[in-house]
Amino acid sequence: MRLGPRFHAAFFARSCLEVAPELVGATLIHRLADGVRLVGRIVEVEAYLGDGSDPASHSHRGKTLRNSVMFGPPGHLYAYRSYGIHTCANVVCKPRGQSAAVLFRALEPLEGVVRMRELRGLAPDAPAHAIASGPGRLTQALGVTLEHNGESLLRGALDLRRPAPGDPRLEVDTSPRIGIRRGVELPYRFTARGHPCLSRLRK
DNA sequence: CATAGGATTATCT
DNA sequence: GATAATCCTATGC
């Protein structure tokens, strides 16, 4: 398949509330060492602000060893461990020194689907919507680990691309974020309308 | 279909 | 020592 154009760092050097909805429909790629390319279309993201107004953000209480990448250059990967088991992946927003991020929550598998099922430990006939619908599932399916924390998403093995010509234009819905205890009411979750690969389907 | 509970560990208090 | 931006399985409608 043909990939869309790259993002420039400037795209991410602004509010994650602007960046997040524009990432719905973009593609996330991981080129594995053996040449296999894992590609998915982003259908669900969440924004986490860094200006102190967002109590659910990891950077809400300032810079720590874990969240230090959030304060680094925009367009890089912030990966962290969740509930001791899962890895979650974000793209850093705002210029260096400020902290904000967009969490990748669900992908529609596009290429390397057989490998994704293997990485997830799923049966060969497992449906596409079970592969990367959820932040932990997404990183497992794409082979993204904590070792990728801090890597650029603008070039290299991990690669974020704009939609390619001919890709579907997705309608974006807004809703409250999932699985958090603070800032529960803030509408910072952005989803592709009616898409089967969302982590939680519409009613 | 919906909900509840356990798993499991890095990070911070 | 408690918490956590979750997932899977089991159980009950």
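In what follows, every chain begins at residue 1, and chains take the letters A, B, ... in the order their sequences are listed.
For the pair R14(A) and F11(A), the cation sits on the ring face: its NZ or CZ lies under 6.0 Å from the ring centre, inside 45° of the axis.
By the criterion of a centre-to-centre distance under 5.5 Å and near-parallel planes under 30°, the ring of Y80(A) forms no stack with the base of dA5(C).
At whole-Å resolution of the value, CD1 in I131(A) and P in dC7(C) are 15 Å apart. Rounded to an integer number of Å, the gap from L198(A) CG to dT6(C) C1' is 17 Å. Distance, K63(A) NZ to dT11(B) P: 16 Å, rounded to whole Å. Nucleotide dA4(C) holds its P atom 7 Å from the OH atom of Y83(A), rounded to whole Å. Between the P atom of dA4(C) and the CZ atom of R81(A) lies a distance of 18 Å, rounded to the nearest Å. Atom CD1 of I180(A) is separated from atom P of dT3(C) by 17 Å (rounded to the nearest Å). Rounded to a whole Å, the NE2 atom of H58(A) is 15 Å from the P atom of dA10(B). Across the protein-nucleic acid pair, I178(A) atom CD1 and dC7(C) atom C1' stand 14 Å apart, rounded to whole Å.
Distance alone, capped at 3.5 Å, is enough to place a donor-acceptor pair between the S68(A) side chain and the L65(A) backbone. Of the possible polar contacts, none joining the E151(A) side chain to the L158(A) backbone as a donor-acceptor pair under 3.5 Å is found. Checking side-chain atoms of R177(A) against main-chain N and O of A47(A) turns up a donor-acceptor pair under 3.5 Å. In this structure a side-chain-to-backbone donor-acceptor pair under 3.5 Å is present from N67(A) to H58(A). With R120(A) contributing its side chain and M116(A) its backbone, the two residues share no donor-acceptor pair below 3.5 Å.
A salt bridge does not link D167(A) to R161(A): none of the charged nitrogens lies less than 4.0 Å from a carboxylate oxygen.
In the set dC12(B), dA5(C), dC7(C), dC7(C) carries the atom at the smallest distance from any side-chain atom of H86(A). For L65(A), whose side chain is taken as the heavy atoms from C-beta onward, the closest listed nucleotide among dA5(C), dC12(B), dC7(C) is dC12(B). Considering only the side chain of N90(A), dA5(C) comes nearest among dT11(B), dA5(C), dC8(C). Proximity note for T64(A) (side chain, C-beta onward) versus dT13(B), dA5(C), dC12(B): the nearest is dC12(B).
Remark: R182(A) is in phosphate contact with dA4(C), judged by side-chain N or O atoms under 4.0 Å from OP1 or OP2. Dashed line: the shortest gap from a side-chain N or O of R61(A) to OP1 or OP2 of dC12(B) is not under 4.0 Å. Phosphate contact (OP1/OP2 of dT6(C), side-chain N/O of R105(A), threshold under 4.0 Å): present.
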Canonical and wobble pairing (Watson-Crick, G-U, under 3.5 Å) of DNA chain B, dot-bracket with |: |||||||.||||.
Starting from the C-alpha separation in whole Å, work towards a yes-or-no answer on side-chain hydrogen bond (donor to acceptor under 3.5 Å, both in side chains) for T139(A) and T87(A). CA-CA 6 Å; T139(A) 55; T87(A) 302; 4.8 Å; no
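Using a 4.0 Å heavy-atom distance criterion, L146(A) is classed as making no nucleic acid contact. Among the heavy atoms of the strands lying under 4.0 Å from R66(A) are primed sugar atoms or P, OP1, OP2 only; no base atom is included. Nucleic acid contact for I85(A): base, since at least one base atom lies under 4.0 Å from a heavy atom of the residue.
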